[in-house]
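Step one of this worksheet: look at the structure below.
Only this structure's heavy atoms are used, side chains among them; waters, hydrogens and symmetry mates stay out. Please read all numbers here as calculations on a predicted model, not as lab measurements.
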Amino acid sequence: MHSEIIAVGSELLSFGRIDTNSVYISSRLAELGISVRYKQVVGDRIEDISQAISLAMSRSQIVFITGGLGPTNDDITREGVAAALSRVMKEDDQVIRDMEILYRKWNRSMSENNRRQAMVPEGALVIPNLNGTAPGLFLQEDEKLVFVLPGPPRELNPMVEDQVLPLIKKFKSVAERPSRILKIASVAESALDARIEGIYKGYPDVDTTILSSPGVISLYFTWRLDSLDQAETCLDDLTGRIKAELGLSVLTDREEEMAAALGRLLKEKGLTLALAESCTGGLICKMLTDVPGSSEYFLGGVVSYSNATKEKVLGVSPGDLKEHGAVSASVAEQMALGARQYLDADIGLSVTGIAGPGGGTEEKPVGTVFIGLSATETCLSWKVQALGGRDIVRQRSANQALDRLRIWLLTGK
């Protein structure tokens, strides 16, 4: 069984916006053994949307259409679906009532143009949106299934989990595929594949997917056969061998980010953390506070972007700043110590570097980063080289800093 995803929105074609919904939908379908063989991105024109849907239905059993369900004139996905399936549109009274209830809850009046969101192609099942005003739609055309979903991930993701996947299981004979995930930290993708290729290629009944992001690589292993008798044993054996090969580079075997994995470790050890950030500009603070419950171990941070702040708030030596520069081991160590003392934390962690595009020298090129760590009777620093543009350097630096702390917590070095 295979499927297709159509992302609707002219902004996805010309304003630098990226379709992230298809990545999420694809990952959830893979667990059901449903492959995504095609993806399309189409602008806000009814005829283009209609043609994209017609093409998708000619070659795929399940079609997902995301975006274009809002109240404005350029939100015309509903009309495109109706045109492709030759169905008339009608206003759904229940959708109107649901929106009125939602707006009363928000203490706001509903605009007249919101009524457009209640226009539904004939024969469609309305999928309630518990996180926004645009309902989703489910249609059947012969043996094909069509899902029309809102664009914002905060609305789409819960709708897929709670309503779309159960509908697919009801109308199609699917079985969830056993799978495993490993997240690997601070290893280059090419180096990682060279180390584990000989392992995963020895498991022909398992599909291996490698997804790279700055500082963390995700490995997905999915059982491909209908027979599930040996799936769990095989997946456990595969992931066990990779863990043994990679050792401390294995960050987690859960679907979680670096900050969440580190947070669990800090909680287990009963330790608190304070940050001092320069080149990352508060990014690490955000990563940590994105994790619910992080206040149990994260006390706060100082964004010491200027040398004056490094001196006045963190107590960095003016002499060291002048002699070694802000991007140096001694300054990173003093920043970590200053943050730890200022916030009375068990551990202080710091990052100072050159994110670019300017500021680099022959001795310290763009991407040069120093990470500092301070704890009782411990003062450490590491020099790393983060490759990429400004945003990538910052992201890599943030993940590298958290990973250095993780390894120190596990090994003491």
Seminar exercise, completed: By ring pair (Phe, Tyr, Trp, His ring centres under 6.0 Å), Y220 pairs with (sequence neighbours left out) none
Seminar exercise, completed: Applying ring pair (Phe, Tyr, Trp, His ring centres under 6.0 Å) to Y305 and not counting sequence neighbours gives none
Seminar exercise, completed: Those residues at least two apart in sequence (or on a different chain) that pass side-chain hydrogen bond (donor to acceptor under 3.5 Å, both in side chains) with R17 are none
For this session: Could you tell me which residues satisfy side-chain hydrogen bond (donor to acceptor under 3.5 Å, both in side chains) with T368, sequence neighbours excluded, listed by chain and number?
Result: Q385
Any non-hydrogen side-chain atom of [X] less than 4.5 Å from a side-chain atom of [Y]?
| X | Y | answer |
| --- | --- | --- |
| L137 | V120 | yes |
| Q334 | L314 | no |
| L373 | R404 | no |
| L246 | V187 | no |
| V216 | I184 | no |
| E79 | M119 | no |
| V351 | S278 | no |
| L266 | F298 | no |

Does the side chain of [X] come under 3.5 Å of the side chain of [Y] through a donor N or O and an acceptor N or O?
| X | Y | answer |
| --- | --- | --- |
| D236 | T233 | no |
| Q51 | D48 | no |
| Q94 | D98 | yes |
| D237 | Y203 | yes |
| E155 | N131 | no |
| E47 | S50 | no |

Exercise. By salt bridge (charged side-chain N to carboxylate O under 4.0 Å, His left out), which residues pair with E256, not counting sequence neighbours?
Worked result: R264
Taking side-chain contact (heavy atoms from CB on, under 4.5 Å) as the definition, give me every residue that meets it alongside [X], ordered by chain and number, with sequence neighbours left out.
| X | answer |
| --- | --- |
| L410 | L248, L265, R406 |
| A345 | T272, A274, L299 |
| P178 | W223, L228, A231, E232, L235 |
| S374 | A336, L337, R340 |

With rounding to the nearest 0.5 Å, note down the distance linking [atom1] in [X] to [atom2] in [Y].
| X | Y | atom1 | atom2 | value |
| --- | --- | --- | --- | --- |
| I5 | I25 | CD1 | CD1 | 4.5 Å |
| T77 | I6 | OG1 | CD1 | 9.5 Å |
| M57 | L145 | CE | CG | 9.0 Å |
| D193 | I210 | CG | CD1 | 4.0 Å |
| K267 | S294 | NZ | OG | 9.5 Å |
| Y200 | F221 | OH | CZ | 8.5 Å |

Sidechain-backbone polar pair: [X] side chain, [Y] backbone, donor-acceptor under 3.5 Å:
| X | Y | value |
| --- | --- | --- |
| Q163 | P128 | yes |
| E277 | I284 | yes |
| S14 | E11 | no |
| S111 | N113 | no |
| D253 | L182 | no |
| T352 | A326 | yes |
| N399 | P214 | yes |
| K364 | V327 | yes |
| R390 | G356 | yes |
| K183 | T252 | no |

Problem set entry | Test log, rule side chain to side chain contact (heavy atoms under 4.5 Å, CB included), inputs I217 and L211 | CA-CA 6 Å; I217 297 174; L211 299 180; over 6 Å; no
Exercise. Are L380 and T378 close enough, and set up right, to give a side chain to side chain contact (heavy atoms under 4.5 Å, CB included), and what steps lead you there?
Worked result: CA-CA 7 Å; L380 297 171; T378 298; 3.9 Å; yes
Exercise. Less than 4.0 Å between a side-chain N and a carboxylate O, is that true for E91 and R115?
Worked result: yes
Give every residue pair that meets the side-chain hydrogen bond (donor to acceptor under 3.5 Å, both in side chains) criterion with at least one member in [range], sequence neighbours excluded.
| range | answer |
| --- | --- |
| residues 56-74 | E4-R59, E4-S60, T72-D74, T72-D75 |
| residues 134-146 | R87-E141 |
| residues 204-215 | D207-R224 |

Seminar exercise, completed: Shortest non-hydrogen pair, L12 vs A7, comes out as CD1-CB, 3.7 Å
For this session: For K269 and L409, work out which heavy atoms get closest and say how close.
Result: CE-O, 3.1 Å
Exercise. Applying the side chain to side chain contact (heavy atoms under 4.5 Å, CB included) test to M335, which of V316, L275, T309 qualifies?
Worked result: V316
Problem set entry | Trace of the side chain to side chain contact (heavy atoms under 4.5 Å, CB included) decision for V148 with V146 | CA-CA 7 Å; V148 188; V146 180; 4.2 Å; yes
For this session: Determine, stepwise, if the pair D403 / Q400 fulfils side chain to side chain donor-acceptor pair (under 3.5 Å).
Result: CA-CA 5 Å; D403 195 43; Q400 282 266 18; over 6 Å; no
Problem set entry | E257 atom CD, neighbour heavy-atom count above 12 within 6.0 Å | no
For this session: Report the C-alpha distance between I76 and R116 in whole Å, list the side-chain angles of each, state the deciding distance to 0.1 Å, and finish with yes or no for side chain to side chain contact (heavy atoms under 4.5 Å, CB included).
Result: CA-CA 9 Å; I76 53 175; R116 297 187 71 248; 4.2 Å; yes
Problem set entry | Ring geometry between F147 and F138 (parallel below 30°, tilted from 30 to 60°, perpendicular above 60°) | parallel
